Amino acid sequence: MIRLFVAIDLPEDLREHLAVMQAGLPGAHWVDPDNFHVTLRFIGEVPDNRLEDIDELLAGITARPFDLSLAGVGSFARGREPTSLWIGLDRSEPLMALQSRIHKALTRAGFPSDEKRYLPHVTLARLHRAPAPDLATFIAAHNLFRAEPFRVDQFTLFSSQLTSAGSIYSAEAEYPLD
Ligand code: 3AM
C-alpha cells in the first residue's frame with residue numbers, strides 16, 4: 001500500500017520566510033520546511049497498482065497557471081483541543097477550481113475522501129497540548145502575516161511514509177499547468 005496526497009509545493013524563498021515564524025509556541029511540533037505544502041486532496045492508502053491510474057487521471061487535469069498569496073494564521077482543533085497551526089491563503093478562484101476538479105476526478109474514480117469543506121492552508125506545526133493563551137498570543141502576533149504572491153505552475157502527487165521521526169514526503173509525479 002502507498003499513502004498519497006495531491007498538493008502544491010512552495011518556492012524555496014517562501015519556505016525560508018515561513019521557517020522564521022517557527023518559534024515561541026510551547027507544544028508546537030514544527031513541520032520541517034522541506035515538507036511545507038498546500039494540500040489539494042488527501043487520497044490515503046491505496047494499493048501500489050493504483051498509482052498508475054491516479055497518475056493518468058491527474059495528468060488529464062488541465063488548468064492555467066495562477067498566483068497565490070499566503071496570508072494570515074489560524075489553527076484547527078478537534079473538539080476543544082488545538083491540533084494544528086497553519087498559514088492561510090488569500091481567497092483564490094483558480095485554486096478552488098483546481099481543487100474541485102482534482103477532488104471530483106478522484107471521487108469519480110473510486111477514491112473517496114471525507115466531505116469536510118476544503119480550507120486551503122500550509123501547516124506550520126502539529127500541536128500537542130499547546131496552552132490556549134500561548135496559541136492565542138502566537139496567532140495575534142502573526143495574524144497580519146502576508147507574503148509576496150507566488151506563481152503556481154504545477155501540482156504534485158506526494159507519497160507519505162509515516163515513521164517514528166515524522167512523515168517523509170516524496171514527490172511521485174508533477175503535473176504542469178499551462
Ligand atoms: O499538512 P496538511 O494539514 O495540509 O493533514 C494531512 C496533511 O495535510 C492530510 O494530508 C496531508 C498529508 O498527510 N491528511 C492526513 N490524513 C487525512 C485524512 N484522513 C488528511 N486529510 C484528510 N483526511
Side-chain angles (χ1 to χ4, degrees), residues 1-12 14-19 21-22 25 27-48 50-51 54-55 57-58 61 68-79 81-92 94-96 98-130 135 138-139 142 145 147 150 152 154-175:
M1 298 288 271
I2 182 166
R3 184 181 172 89
L4 298 171
F5 66 100
V6 183
I8 293 170
D9 231 335
L10 299 188
E12 185 57 33
L14 208 45
R15 291 176 191 282
E16 287 169 14
H17 194 155
L18 297 189
M21 292 166 71
Q22 294 182 301
L25 179 59
H29 296 245
W30 301 108
V31 171
D32 183 329
D34 286 341
N35 280 346
F36 287 152
H37 61 267
V38 180
T39 299
L40 290 165
R41 174 58 144 80
F42 180 72
I43 301 176
E45 300 269 347
V46 302
D48 291 17
R50 300 302 309 274
L51 190 55
I54 293 172
D55 177 51
L57 178 157
L58 293 175
I61 294 198
L68 271 186
S69 299
L70 299 185
V73 183
S75 63
F76 290 140
R78 198 176 302 116
E81 187 62 28
T83 53
S84 74
L85 175 70
W86 46 260
I87 301 291
L89 288 97
D90 276 348
R91 172 141 193 97
S92 161
L95 173 67
M96 299 311 273
L98 178 62
Q99 192 279 334
S100 167
R101 242 173 271 165
I102 293 171
H103 171 68
K104 284 182 182 150
L106 284 162
T107 304
R108 231 182 288 125
F111 300 99
S113 76
D114 49 17
E115 286 299 318
K116 273 189 261 161
R117 192 160 67 93
Y118 176 60
L119 283 172
H121 63 273
V122 177
T123 300
L124 259 196
R126 313 276 165 204
L127 304 177
H128 299 284
R129 299 176 186 276
L135 179 58
F138 185 97
I139 290 176
H142 293 285
F145 170 82
F150 68 100
V152 179
Q154 62 173 28
F155 64 92
T156 306
L157 176 63
F158 284 98
S159 62
S160 164
Q161 241 179 300
L162 304 175
T163 74
S164 53
S167 301
I168 301 173
Y169 299 153
S170 313
E172 297 291 331
E174 286 169 343
Y175 306 93

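This structure is a prediction, so every number in the text was calculated from the model and none was measured. In each ligand, atom 1 is the first atom listed, and ligand 1 is the first ligand listed.
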>> Can you confirm if the aromatic rings of H103 and Y118 lie within a centre distance of less than 6.0 Å?
In response: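 So the answer is no for these two rings.
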
| task | Decide yes or no on ring pair (Phe, Tyr, Trp, His ring centres under 6.0 Å) for F145 and H17, but give the supporting numbers first. | result | CA-CA 10 Å; F145 170 82; H17 194 155; 5.2 Å; yes

Go through ligand 1 atom by atom and flag the ones less than 4.0 Å from a non-hydrogen atom of D114.
->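 This gives 22 (C), 23 (N) as the contact atoms.
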
If hydrogens are left out, which of [options] has an atom nearest to [atom], that is, the closest non-hydrogen atom?
atom	options	value
atom 2 (P) of ligand 1	T123, V31, L124	T123
atom 22 (C) of ligand 1	F76, F5, F158, F42	F42
atom 6 (C) of ligand 1	R3, R126, H121	R126

Practice prompt. Please confirm whether the backbone N or O of F76 pairs with a side-chain atom of T83, one donor and one acceptor, at under 3.5 Å?
Written response: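 Yes; at least one donor-acceptor contact below 3.5 Å.
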
For atom 11 (C) of ligand 1, closest protein heavy-atom neighbour: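 Minimum-distance protein heavy atom for atom 11 (C) of ligand 1 reads T39 OG1, 3.7 Å.
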
- Which residue owns the protein heavy atom closest to atom 13 (O) of ligand 1, what's the atom, and how far is it?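 Protein heavy atom at minimum distance: Y169 OH, 3.6 Å.
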
query: With under 30° as parallel and over 60° as perpendicular, where do the rings of H37 and F158 fit, or are they tilted in between?
result: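 Taking F158 first and then H37, their aromatic rings sit tilted (interplane angle of 30° to 60°).
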
Locate the shortest heavy-atom distance separating I87 from M21; write the atom from each residue and the value.
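Answer, listing the atom of I87 first, then M21: CD1-CE, 3.5 Å.
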
Under 4.0 Å, heavy-atom basis, I'd like to know which part of H37 is in contact with ligand 1: side chain, backbone, both or neither.
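It is the side chain that gets close, since no backbone atom is under 4.0 Å.
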
query: Does the distance from a Lys or Arg side-chain N to an Asp or Glu carboxylate O, for R50 and D55, drop under 4.0 Å?
result: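 Here R50 does not pair with D55 in a salt bridge, since their nearest N and O are not under 4.0 Å apart.
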
Exercise. Give a yes/no on ligand 1: does W86 have at least one heavy atom closer than 4.0 angstrom to it?
Key: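 No, W86 has no heavy atoms under 4.0 Å from ligand 1.
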
